[in-house]
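Here's the structure, in structure tokens; my notes come after.
Note that the structure is predicted; figures quoted are calculated from it, not measured.
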Amino acid sequence: MASEISPKAEISPRAQIGDNCKIFPFVYIEDDVVIGDNCIIFPFVSILNGTRMGSHNKIHQGSVVAALPQDFDFRGEKTECIIGDNNIIRENVVINRATHTDGQTIIGNDNFLMEGSHISHDTKVGNQCVFGYGTKIAGDCEIGNGVIFSSSVIENAATRVGDGAMLQAGTTFSKDVPPYIIAGGNPIAYGGVNNTMCRAYGIDEKVLKHIANAYRLVFHGQTSVFDAVMQIKDQVPDSVEIRNIVQFIEGTQKGIITKI
């Protein structure tokens, strides 16, 4: 089915628009843009060069996709901002494209970006994440699947958040947040296992106990994080989730958030 495009929208003839899209008045779309099928683009949205968007996305009023990176290293290179499928991007969201040609900003599938949130250059977001009102994600961050950011969270540059983690409202952090936990406060600290989301994703109750035991060693033990990881390997029964925790902590460059 042909797309419904308002004559009041300004769209480059070079842009590639999929089938069955609805594009409202006063939308601005530049040359080097690809938009998949069944997308809805509401008024006053700007979709800029480097956008590669999948299908079934909804982009609400005032949002900017593939904005130029807010990075002093940017020299005008041709870069990309990749948006997957089934994302909801609410009003006044800004997503920056990458800084250099060998980088990408990536938003996966089934994510919900609430009003005023901002995803900066070269950040990678997984699937089924929620970004609360006014949440700001700096450049070069990595965010797993099923992560929830409450409102007004600030994630500083080059940090990571593991699968199934939840960041409480108003939290600012500059270290990595491991998978399956709740974290919050200023300074940020571990607040327990995110049992609600873990159960929603079908993690077994027995495995939930193993996750809690692993984090008891990390955050309540009297040893270094390195030694805690060794204890997890020795003492906690193996599972996909436990391996995910170990690999995440072993891969940290910034260090993980503090103990309580």
Side-chain angles (χ1 to χ4, degrees), residues 54-58 82-90 93 95 105-114 117 119 123-133 135 137 141-153 155 159-171 173 175-185 188-220 225 228-229 231-233 235-252 256-257 260:
S55 63
H56 295 278
N57 294 291
K58 293 182 180 180
I82 298 173
I83 310 289
D85 302 329
N86 301 304
N87 295 288
I88 297 174
I89 299 174
R90 293 300 303 262
V93 169
I95 304 172
T105 302
I106 299 176
I107 310 293
N109 305 320
D110 302 295
N111 296 292
F112 190 176
L113 284 69
M114 294 186 185
S117 55
I119 309 294
T123 284
K124 312 290 191 296
V125 176
N127 305 319
Q128 298 180 319
C129 296
V130 176
F131 296 83
Y133 302 109
T135 287
I137 311 297
C141 292
E142 295 181 16
I143 296 166
N145 300 314
V147 176
I148 297 177
F149 292 82
S150 298
S151 60
S152 301
V153 174
E155 178 175 359
T159 52
R160 302 180 303 149
V161 181
D163 296 340
M166 177 177 178
L167 283 302
Q168 294 177 328
T171 299
F173 62 100
K175 292 189 176 183
D176 293 348
V177 178
Y180 317 122
I181 72 168
I182 297 170
I188 188 172
Y190 170 70
V193 176
N194 189 7
N195 290 318
T196 299
M197 286 306 299
C198 287
R199 291 188 180 104
Y201 280 94
I203 296 177
D204 183 80
E205 290 294 325
K206 184 181 293 185
V207 175
L208 270 178
K209 292 180 180 178
H210 297 162
I211 292 171
N213 287 336
Y215 283 125
R216 197 170 293 117
L217 293 169
V218 172
F219 291 110
H220 296 282
V225 171
V229 168
Q231 290 176 344
I232 292 171
K233 292 178 179 179
Q235 300 176 24
V236 180
D238 183 54
S239 66
V240 170
E241 291 77 15
I242 296 302
R243 289 195 297 273
N244 193 8
I245 292 168
V246 168
Q247 290 169 4
F248 185 94
I249 295 174
E250 288 181 332
T252 187
I256 66 168
I257 61 170
I260 294 174

Find out whether Y190 and I256 are in side-chain contact, i.e. whether some heavy atom of one side chain is under 4.5 Å from a heavy atom of the other.
no

Compare every heavy atom of I182 with every heavy atom of Q168, then report the nearest pair and how far apart it is.
NE2-CG2, 3.5 Å

Restricting to ring-ring contact (aromatic ring centres under 6.0 Å, His included), what partner residues turn up for F131, sequence neighbours left out?
F149

Are side-chain N/O atoms of N57 and N87 paired as donor and acceptor at under 3.5 Å?
yes

Set of residues satisfying side chain to side chain donor-acceptor pair (under 3.5 Å) with respect to T252, sequence neighbours excluded
D176

Closest contact, heavy atoms only, Y215 versus P178
OH-CB, 3.2 Å

Checking N86 side chain against N109 main chain: does a donor-acceptor pair fall under 3.5 Å?
no

Residues at least two apart in sequence or cross-chain that pass side-chain contact (heavy atoms from CB on, under 4.5 Å) with E142, listed by chain then number, are R160

Between the CD atom in E205 and the CZ atom in R199, the distance rounded to the nearest 0.5 Å is 4.0 Å

Any chance you could measure F219, atom CZ, to I257, atom CD1, to the nearest 0.5 Å?
4.5 Å

dist D204:CG -> E241:CD (nearest 0.5 Å) comes out at 9.0 Å

Non-hydrogen atoms of S239 and V207 that approach each other most closely
OG-CG1, 3.9 Å

So, for M114 and Y133, which heavy atoms are closest and what is the spacing to 0.1 Å?
CB-N, 3.8 Å

Report yes if the side chains of L217 and V236 come closer than 4.5 Å at any heavy-atom pair, otherwise no.
yes

Set of residues satisfying side-chain contact (heavy atoms from CB on, under 4.5 Å) with respect to A169, sequence neighbours excluded:
S150, S151

Worked check of side-chain contact (heavy atoms from CB on, under 4.5 Å) between K175 and T159
CA-CA 6 Å; K175 292 189 176 183; T159 52; 5.6 Å; no

Check the pair V225, I249 against side-chain contact (heavy atoms from CB on, under 4.5 Å), reporting the backbone distance first and the verdict last.
CA-CA 8 Å; V225 171; I249 295 174; 3.5 Å; yes

To the nearest 0.5 Å, how far apart are OG in S55 and CG in D85?
3.5 Å

Check the pair L113 / R90 against side-chain contact (heavy atoms from CB on, under 4.5 Å), numbers first and verdict last.
CA-CA 6 Å; L113 284 69; R90 293 300 303 262; over 6 Å; no

Across all chains, not counting sequence neighbours, the salt bridge (charged side-chain N to carboxylate O under 4.0 Å, His left out) partners of R216 are none

According to salt bridge (charged side-chain N to carboxylate O under 4.0 Å, His left out), who are the partners of K209, at least two apart in sequence or on a separate chain?
none

Looking at CD of Q247 and CD1 of I242, how far apart are the two atoms once the value is rounded to the nearest 0.5 Å?
11.5 Å

Roughly how far, to the nearest 0.5 Å, is CD1 of I211 from CG of N195?
8.5 Å

Can you name the side chain to side chain donor-acceptor pair (under 3.5 Å) partners of S117, sequence neighbours left out?
none

Partners passing side chain to side chain donor-acceptor pair (under 3.5 Å) against N194 (at least two apart in sequence or in another chain):
none

Ignoring hydrogens and geometry beyond distance, is a side-chain donor-acceptor pair present between N111 and N127 at under 3.5 Å?
no

List the atom of G144, the atom of C129, and the distance in Å for their closest heavy-atom pair.
O-SG, 3.0 Å

State which residues pass side-chain contact (heavy atoms from CB on, under 4.5 Å) with I106; sequence neighbours excluded, sorted by chain then number.
I82, Q104, K124

With sequence neighbours excluded, tell me which residues meet ring-ring contact (aromatic ring centres under 6.0 Å, His included) with F112.
none

Give the intermediate values and the outcome of salt bridge (Lys or Arg N to Asp or Glu O under 4.0 Å) for residues E250 and K233.
CA-CA 12 Å; E250 288 181 332; K233 292 178 179 179; 2.6 Å; yes

Can you list everything that forms a side-chain contact (heavy atoms from CB on, under 4.5 Å) with A165? Sequence neighbours excluded, please.
V161, V177

Chi angles and distances behind the side-chain contact (heavy atoms from CB on, under 4.5 Å) call for V93, I119:
CA-CA 8 Å; V93 169; I119 309 294; 5.7 Å; no

Closest non-hydrogen atom pair between G164 and V147, with its separation
N-CG2, 4.2 Å

Side chain to side chain donor-acceptor pair (under 3.5 Å) filter on Q128, not counting sequence neighbours, yields Y201

May I ask you to test the I83-I95 pair for a side-chain heavy-atom distance under 4.5 Å?
yes

